[in-house]
Amino acid sequence: LISKLGDSMSDEDHSSFGEDDDNNDGVAWKEIVGMALNGPSTDLPIPTNYTSGQRASLMLLATTLLTSVREGLTTPKARKLVRNSENAEAGLCLGLWRELMHVQTSSMRARSNVMVAADIEDETSKIRPYEEQFWMAAPTAIQECLAILQKLLPVPHFLASVTAILKDDDVYEDGSVRRRALRLLGDRAAEVKPNSPESCLFLETIPDLTDLFTVTQDEQNENAHRLKVVTQQAALIAIERLAQSLCFASGIKDGMSKRKAQVFLPTLKKVCELLNHASKQYEKACKQNKPNLLEGQLLSSAALCSAALVTVLKTRCLAFLPPLIPSLVTSLATVNQWQKQPASVDGMDTSESNVSDQDLIETSKLLQRSILRTILAIAEVLPQFLCSYLGSILSASVLPSKTLRWENDEIVINLAERLHQTLATKTPARQLVPVIIKTVTKCFEKDEMWEEGKAIMEVFDESIRSSSRADLVPVMNKCLNAILLAYSYAGFQEGRFELLTVANKSLLSLVLKISEAQLRP
């Protein structure tokens, strides 16, 4: 009944249910409507168009039925029935759960239509107050029923229903039911103990989730492309939450850990492929000064998902670093360069979309945070395998970029500082210092890049202070060369002062590390 009321909100006159298929579900709701409007008499025909009073009666009936469902699910007998459901009872519970999923999606779509219609000044099209109140409250009430039932459903039944929704075609073109099922899957996984038998059942859903973000040819239809991207993002978020809930806890048994690694390895491969594809699409759009909001959000989700999987797999993911890190570095350089342009937002072409300038800016910040978190996760778990990627990570347009230190985003600043410190403390000086010299030399070729030069010199100073005397002996001359490069900067006055400060700190740190014999001329 609620679904039909919700679907009718898309009609122009907001008063007709329209025709329905002649199936069992259709007969059931029509019979209820007939009894609500005609009373016990079965001879009167069921109307197809409804007056304002009749719609109010139907909404009152829907509210009463929904209240009965919610109260019924909280009774001890209902709880026992759902928890111990088998065969026919299990099918009934699963059917109720799926129906609630569809009804909630329909009610939320109707609420969106109501919010749009509430702003219409035309009195003939304006939503009536009782309708607005009903649709504002209905999604919340349905969510309460769904939450109660979800907690009662046994894990096997819940996962079976979610898997069925993932494999079936979504009733709605925007894939809202499938996305809601993925969100509920992540919520339920957070309640499962990592070493429990139920965790193995959740692991069995990973292949089905992985199949949702297989990279395919770009859709020509814009709506189809949006649906694919949004579904892929929901699947990535669900996998990330499953990895965090089932694998991040301490005390996980070794056998369980190996099994989880075997499940997540194919997933990481698909995530790397998706991330590489999304990175290329986002870079292409930014070069045309038309950054794509959906691609940026998908790229952020793929980066965070890969960070969780790298943390879980550790050395098992070494084979995926070559495709993963270059995609991350390229994406971070792209978004940093786009933010650098003073007129990047003013010059964008957003005429063919409903995306606001602020949405694009927020998405670019989100993308910076996601990529920094991912590189940080790799640096913390696999620092010894980052040597061949230091040159690209520490290039002037990536980690040292001044866009990562703007005062309007403290999260980005903190993540960049953490990554600086991790690289400086976990990378041997003999590998880090030569890369720093190359980056500093390129930065000082342009006077306006002194901020990037300062950032890389701060990494240099942290590396000296965290290294032992024996580690610094082989690169002593190179360290002095890096300090001399900072002293030789003759560009902006503000830059000279800032660079002198960090160069003096680095020199003092170096002096404290060397022996008396090395200080002699």
Side-chain angles (χ1 to χ4, degrees), residues 321 325-337 339-340 368 371-372 374-376 378-379 383-406 412-413 415-467 471-472 474-492 494-507 509-510:
L321 292 186
I325 295 180
S327 298
L328 294 171
V329 170
T330 300
S331 300
L332 185 55
T334 299
V335 69
N336 289 346
Q337 185 62 32
Q339 284 196 355
K340 268 187 178 181
Q368 286 178 322
I371 296 175
L372 288 174
T374 306
I375 300 177
L376 179 61
I378 298 173
Q384 64 272 35
F385 298 99
L386 275 183
C387 302
S388 56
Y389 306 103
L390 288 175
S392 58
I393 294 175
L394 295 177
S395 61
S397 60
V398 185
L399 187 55
S401 175
K402 63 182 178 182
T403 60
L404 300 179
R405 287 157 194 82
W406 285 346
V412 170
I413 294 174
L415 285 171
E417 291 178 352
R418 285 178 58 191
L419 183 52
H420 278 175
Q421 186 175 15
T422 301
L423 291 175
T425 55
K426 294 194 174 185
T427 306
R430 68 180 185 278
Q431 297 172 346
L432 187 61
V433 172
V435 176
I436 289 176
I437 292 178
K438 291 181 181 180
T439 303
V440 169
T441 302
K442 291 182 179 179
C443 289
F444 293 160
E445 290 176 356
K446 298 180 180 180
D447 292 345
E448 64 272 13
M449 294 184 65
W450 67 267
E451 292 179 82
E452 285 81 355
K454 176 191 173 186
I456 202 68
M457 287 298 297
E458 289 175 345
V459 178
F460 172 69
D461 177 57
E462 182 68 29
S463 176
I464 293 175
R465 288 190 284 110
S466 61
S467 300
D471 292 334
L472 291 174
V475 292
M476 186 65 65
N477 292 334
K478 293 181 179 180
C479 291
L480 292 173
N481 289 336
I483 295 173
L484 291 175
L485 284 172
Y487 281 142
S488 63
Y489 176 78
F492 297 107
E494 180 185 2
R496 289 201 302 269
F497 177 79
E498 296 285 346
L499 287 171
L500 281 174
T501 301
V502 69
N504 288 336
K505 290 173 57 180
S506 300
L507 180 60
S509 300
L510 186 62

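The shown structure was predicted, so the numbers you read here are calculated from the model rather than taken from an experiment.
Scanning all heavy atoms of the two residues, the minimum distance from Gln368 to Gln339 falls at NE2-OE1, 3.2 Å. Across all non-hydrogen atoms, the minimal contact from Ile371 to Ser331 is CD1-CB, 3.5 Å. The two residues Ser466 and Ser463 come nearest to each other via the heavy atoms OG-O, 3.2 Å. Across Ala379 and Thr422, no two heavy atoms sit closer than the pair CB-CG2, 3.8 Å. Here the closest non-hydrogen pair linking Ala482 and Ile437 is CB-CG1, 4.0 Å. Listed here is the closest heavy atom pair of Met449 and Cys443: CB-O, 3.4 Å.
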Val440 and Phe460: side-chain contact (heavy atoms from CB on, under 4.5 Å), yes or no, with the steps? CA-CA 10 Å; Val440 169; Phe460 172 69; over 6 Å; no
Do Lys454 and Glu451 pass the salt bridge (Lys or Arg N to Asp or Glu O under 4.0 Å) test, and can you show the C-alpha distance, the side-chain angles, and the key distance before you say yes or no? CA-CA 5 Å; Lys454 176 191 173 186; Glu451 292 179 82; over 6 Å; no
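Between the CD atom of Gln337 and the OG atom of Ser397 there is a distance of 7.5 Å, given to the nearest 0.5 Å. From Leu419, atom CG reaches atom CD1 of Ile378 across 10.0 Å, with rounding to the nearest 0.5 Å. Note that CG of Leu372 and NE2 of His420 are 9.0 Å apart. Values are rounded to the nearest 0.5 Å. Rounded to the nearest 0.5 angstrom, Asp461 CG and Leu510 CG are separated by 10.0 Å. Put simply, CG on Asp471 and CD1 on Ile464 are 12.0 Å apart, with the number rounded to the nearest 0.5 Å. We find the CG-OH distance between Leu328 and Tyr389 to be 11.0 Å, quoted to the nearest 0.5 Å.
Here the side chain of Ser506 pairs a donor or acceptor atom with the backbone of Val502 at under 3.5 angstrom. No side-chain donor-acceptor contact under 3.5 Å links Ser401 to the backbone of Val398. Although no hydrogens or angles enter the test, the distance criterion places a donor-acceptor pair under 3.5 Å between the side chain of Arg496 and the main chain of Gly491. Side-chain atoms of Ser488 come within 3.5 Å of backbone N or O of Leu485 as a donor-acceptor pair. Here the side chain of Tyr489 pairs no donor or acceptor atom with the backbone of Phe497 at under 3.5 angstrom.
A search for side chain to side chain donor-acceptor pair (under 3.5 Å) contacts involving Glu458 returns nothing, not counting sequence neighbours.
Asn504 places a side-chain heavy atom less than 4.5 Å from the side chain of Tyr487. Looking at heavy atoms from C-beta onward, Leu394 lies in side-chain contact with Leu423 at the 4.5 angstrom threshold. Using a 4.5 Å heavy-atom threshold, the side chains of Val433 and Cys479 count as touching.
Applying the salt bridge (Lys or Arg N to Asp or Glu O under 4.0 Å) test to residues at least two apart or on different chains, none of the pairs has a partner in residues 429-446.
Each of Thr427, Leu432, Ile325 was checked for a side chain to side chain contact (heavy atoms under 4.5 Å, CB included) with Leu386, and the lone residue meeting it is Ile325.
When the shell of 6.0 Å around CZ of Arg418 is examined, it contains 12 or fewer heavy atoms from other residues, nucleotides or ligands.
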